[in-house]
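One structure below.
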Amino acid sequence: AFATCRNPCPGAGGGDYYGMKVDLERTDVSTVLAVPVSGPGYGTSRFYVVRVRASASSMRERLLANTAVLGFMESGEEVLEVMASGVGQPSISDC
């Protein structure tokens, strides 16, 4: 089933990520929600919040290797600031 939603990671390291395609040309796609499909965290309830656009250009999609991208976060930068500060709670408004 993963073969139908495989996306190659560009660059020398290669690898694949799965799920939604991350289009770095879109300005509204900067933070994604992903879960591991192998390696550390696989089979647990762990998820990753990845700031793709804020990462170094050589690493952007490669950070998603061996994960399944579930969706994009609206206001991703603001949500991460709230989580890091420990003041308040981010909420999920729509899935």
Side-chain angles (χ1 to χ4, degrees):
F2 274 137
T4 61
C5 58
R6 179 181 298 181
N7 300 297
C9 295
D16 295 308
Y17 70 95
Y18 304 89
M20 299 179 75
K21 173 85 172 131
V22 176
D23 182 1
L24 295 173
E25 299 300 318
R26 290 178 43 190
T27 58
D28 60 333
V29 176
S30 62
T31 307
V32 301
L33 182 66
V35 295
V37 296
S38 67
Y42 174 69
T44 67
S45 58
R46 181 180 295 181
F47 66 92
Y48 302 133
V49 177
V50 183
R51 294 178 7 177
V52 179
R53 186 168 298 284
S55 302
S57 61
S58 62
M59 293 296 294
R60 289 183 175 167
E61 288 177 290
R62 290 181 58 204
L63 291 172
L64 302 173
N66 298 320
T67 67
V69 175
L70 302 178
F72 307 107
M73 293 181 65
E74 292 181 19
S75 306
E77 296 293 323
E78 293 84 7
V79 169
L80 290 174
E81 287 175 17
V82 169
M83 291 172 71
S85 70
V87 178
Q89 294 180 332
S91 61
I92 298 172
S93 60
D94 188 22
C95 290

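In this chain, residues are counted from 1 in sequence order.
When the side chain to side chain contact (heavy atoms under 4.5 Å, CB included) test is applied to Phe47, the partners found at least two apart in sequence or on another chain are Leu33, Val35, Val49.
Taking both residues in full, the closest heavy atoms of Leu64 and Val32 are given as CD2-CG2, 3.8 Å, listed atom of the first, atom of the second, then distance. Considering every non-hydrogen atom in both Phe72 and Lys21, the closest pair reads CZ-O, 3.5 Å. Listed here is the closest heavy atom pair of Met20 and Leu70: SD-O, 3.2 Å.
With Cys9 as the fixed residue, the side chain to side chain contact (heavy atoms under 4.5 Å, CB included) test singles out one of Met59, Arg60, Arg62: Arg62.
Between the side chain of Asn7 and the backbone N or O of Gly19 there is at least one donor-acceptor pair closer than 3.5 Å. Between the side chain of Tyr17 and the main chain of Val22, a donor-acceptor pair closer than 3.5 Å is present.
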